[in-house]
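Working notes, structure below.
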Amino acid sequence: MTRLWTFPGGIHPPERKALSNARALRVAALPDRLILPLQQHVGQPASVRVTVGQTVLKGDRLADLDGGRGVPVHAPTSGTVDAIAQHPVPHPSGLDDLCLILRPDGDDRWRHREPWPDYQRRGPEAVLARIRDAGIAGLGGAGFPTHEKLTGGRQRPIDTLIVNGAECEPYITADDRTMRERAADVVAGIAVLQWLLSPARTVVGIEDNKPEAIAAMADAARFAGIEVVAVPTLYPSGGERQLIRILTGREVPSGGLPAEVGVVCQNVGTALAVGQAVLQDHPLISRVITLTGTALAEPGNVEALIGTPVADLMAGAGLRADNLERLVMGGPMMGFALATDAVPVTKTSNCVIAVAPGEFGQPAIEQPCIRCGECASACPMTLLPQQLFWHAKSGEYDKAEHLNLFDCIECGACAYVCPSAIPLVQHYRHAKGELRQRRDDQKRADQARERFEARQARLERERLEKEKRRQERARAAAEAQARKANGAAAPQPDDRAAKAALVQQALARKRARADKAVNAQKTASASPGDQSPTQD
Amino acid sequence: MWTSVIIAVGVLLALSAIFGALLGFAADRFRVEGNALVDDIDALLPQTQCGQCGYPGCRPYAEAIADGDAINKCPPGGDSAIAALADLLDVEPQPLDAEHGVAQARRVAVIREDECIGCTKCIQACPVDAILGAAKHMHTVIEQECTGCDLCVEPCPVDCIDMITVDTDIRNWLPPEPALIATDRRPSLTQARNERPEASLP
C-alpha cells in the first residue's frame, strides 16, 4: 500500500459528477468555423504564419512564436483561413483577443505525418522539440508549455513523475472519461514522459470517487512500472502542489517549481497529448471537454476540436435555452461566467456548465466578516485568508503580498466556507492584478528614468563639447590677435624687406627674359636666310 | 587634589581627541555623495518626465520635494504616488492639486506617419528619446518607451501627433474589485491618517 500524506484544509463540495460521467465519450460535430486564439498558453501570443484565404491541411502549423515562451497553434481540420481578427475568447474579462478563423472544408485531410514508434532512437532533444512543435500546453487548466516543464525537469534530478488524474473540482469528468476509455493511450504517453525524465517512481493519482477510472488505469498500467493510487476525495487535491504533497509528502517552496523538490506533475490529458504527438505525429488539435449542467438534455463528455464555438457544443448537447441562467467555463469553484457563447474551446478549457436557474443556489447576500476563522482552516496553502481580505479590501496590497498573497491558488475553498458569503477570491484576484500592474508600472518607470538620465547625460556631454570647441576657437582667435599685435612692432620690417627682395628678384628675372627675347630677335633679323641657327 | 582634577581633565581631553578623530575619519571615509532622500523620492515618481509639476522632469521635482515643496503636484503618479511619498516623508497625504492636471489612464503618443514632415522638433522635445527619425525623414514613436508625457504634441508644426489611451486587453486586464457592502467604510486618502482608528477596517 502506497503511503499517503495529507494537505492542510480542503473542503467537500457536492460533487455532481454523476450528471456527466455516465455517458461515453462522443466526438463533437464539425462546426461551420473554428476560432483559434493565438494565445492559449502561458507566455507570449503566437504570430500568424499563414495568410487570409490560404488553404491549410489538418495539422498544419498556423501560428508560432517569434521567440519567448509559448507553443504553436495548428489547424484542427483542413480548410481555408477565413480571417485573422479580434474575437471573444474564454477569459474572465470577456474581452476579445486576436484569433485565426478557419472555415473547414469537411474533407478532414491530414498533412503528411511521420509517426515515431521508435522515438527512443531519436534522442530526447528531438522528442522535446516534437512536443513543443505539437503545441502542447498543460491541459489541466493553467496552460504552461509542456516542453518547458519537461526541459526544466531534465535539468534537475527527478525522482517522481506524478500524473494528475485527481480531477477534484465538482461537475468535471473529462479526465475521468479519458482514463476510463483511453487508458492505453494515456499509459503510452506516460511511457514517453518516463523515458524523458527517468524517474524512480511514477504515480497516477486519482480521487477515490472514480473507481472505474482507477480500475481501467490499473489494468492498463499493470506492466508499465506505474503505480495507480487512489487518493481521498477532498477539494482541491487536484491542485499540483496539493497532489505532490499527498503523494510524496513534499512541499513545493513558495514561488518555486515542483522540479525543485524532484517532482514533475503532468495532467492525464497532457500525457495523452504527448503520447499522440510523439508516437503518431498528431499535434494538439482536439481535447476532451465536459458539457454538463442541468440546463442540458444530454450532458456528457465530448472530444471537440480546439476552436469549436461553445454555442455549437451546447446545441449538440441539447441545451434548453429557456432553462439557462448562465454558462460557466471551468468548474463551479474556479471557473468564470462566459459573456457570450461565441467563445471557442481552447487547449485549457476542460468544462462548460450550462447552469439552470437556482442550480448553484440562491446567491447569498454578503455580510460583514465575523472573524470566525473558517477560511483559515479551509485554506490548502495555509495562508491567512482573513488578513489577506482586510488588506486587499483596504487597498494595502503590499501588506497582502507580505502575507504571501501570490501563493494563493484561487481554489475558492475560503469563499465556499465563509458564513458571511464574502467573495474572498475576487478580492485576492483584484489585489494580485493591482500588484502586477504596479510592478509593470515600476518597471516602466525605471526604464524611463534610465532613458531620461541617459538623455540628460548626452545633452550635457554635447553642451560641454560645444563649449570646448567654442573655447578652442576663441583661444585660436586670441592667439592670432596676439601674434598680430606683437608682429606690428618688430618682425614686420624684415617681412616687408624680404617681400620687397622677392619682388625685386621677380622683376630682375622678368627683365632678363625680356632682354633675351630682344637679343634673339636681333640675331634673327641680322641673318634672315638662316631659319635655324643650329644648322650652321 | 589637583592631581585628580588634572587626570580627569586629561582623560576627558584624550577621549574627546580620540573620538573626534574617529568621527572626522568616518565622515570622510563614509561620505554619501548626493542626497539619498532625493533618490528615494525619485524612485516613487512615475518618471513620465512630463513637467506637469512645473519642474523639468521627475528628478528636479524630487529635489524640490526634498527641499520642502508640496507632494501633490504629480498627476501621472496619482493618489498612489502621493500616498507613497507621504509615507516616505512622514507628512499628511493631500489630494492631487488639480492645478497641475488630473490623473489619466496610460497613454502613448502616435505619429500619423503620412503627415509627418520630418522636422525633428518632437525628437528634441521627447524627454526619454522615444521618437525615432531624422531630418526630412518620417518619425515614429517607440511605443514601449513612450511615457505619454504630451511634450511632443505642442512642438509639432503639422499637428500629426495623437495621444492614444492604451486599450485594455486580456493581458493587462485588471480583475474588478468586488463592490463594497453597507457596513464598509472605505477610508479616503486624507482620512486614513487623521481618523485611523475609526476609518480603518475593524
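As the structure is a prediction and not an experimental result, all values here were calculated from the model. Reminder, nothing fancy here: chain letters follow the sequence lines and each chain counts from 1. Below, all heavy atoms of this structure are taken into account, side chains as well, without hydrogens, waters or symmetry copies.
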Calculate, to the nearest 0.5 Å, the distance between atoms [atom1] and [atom2] belonging to [X] and [Y] respectively.
X: Ile170(B); Y: Asp97(A); atom1: CD1; atom2: CG; value: 4.0 Å
X: Arg59(B); Y: Glu453(A); atom1: CZ; atom2: CD; value: 6.5 Å
X: Leu459(A); Y: Gln124(B); atom1: CG; atom2: CD; value: 10.0 Å
X: Glu145(B); Y: Arg444(A); atom1: CD; atom2: CZ; value: 11.0 Å
X: Ser93(A); Y: Asn172(B); atom1: OG; atom2: CG; value: 9.5 Å

Atom group of [X] that falls short of 4.5 Å from chain A, counting heavy atoms:
X: Cys126(B); result: backbone
X: Pro178(B); result: both
X: Ala179(B); result: backbone
X: Pro56(B); result: backbone
X: Pro46(B); result: backbone

Original post:
Among Asp169(B), Asp42(B), Thr48(B), Thr147(B), which has the most heavy-atom pairs under 4.5 Å with chain A?
Top reply: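 It is Asp42(B).
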
Original post:
With a 4.0 Å cut-off, would you call Asp129(B) and Arg455(A) a salt bridge?
Top reply: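 The answer is yes: the pair qualifies as a salt bridge.
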
Between [X] and chain B, which part of the residue has a heavy atom less than 4.5 Å away: side chain, backbone, both or neither?
X: Tyr428(A); answer: neither
X: Gln447(A); answer: side chain
X: Arg436(A); answer: neither
X: Asp440(A); answer: neither
X: His427(A); answer: both
X: Gln86(A); answer: neither

Are there over 12 heavy-atom neighbours, none belonging to [X], within less than 6.0 Å of that residue's [atom1]?
X: Gln362(A); atom1: CD; answer: no
X: Glu450(A); atom1: CD; answer: no
X: Leu464(A); atom1: CG; answer: yes
X: Glu113(B); atom1: CD; answer: yes

Original post:
Of the non-hydrogen atoms in Trp173(B) and Leu95(A), which two are nearest, and what is the gap between them?
Top reply: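 So the minimum-distance heavy-atom pair works out to CD1-CD1, 4.0 Å.
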
**OP:** Say whether Arg171(B) and Gln39(A), considering side chains only, have a donor N or O and an acceptor N or O under 3.5 Å apart.
**Re:**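 Judged by distance alone, the side chains do pair up.
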
Original post:
Could you go step by step and tell me if Leu174(B) and Gln437(A) meet the side chain to side chain contact (heavy atoms under 4.5 Å, CB included) rule?
Top reply: CA-CA 8 Å; Leu174(B) 179 68; Gln437(A) 211 160 60; 3.9 Å; yes

Subject >> Sub-4.5 Å side-chain heavy-atom contact between Lys393(A) and Leu180(B) >> reply: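 Heavy-atom side-chain distance check passes, below 4.5 Å.
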
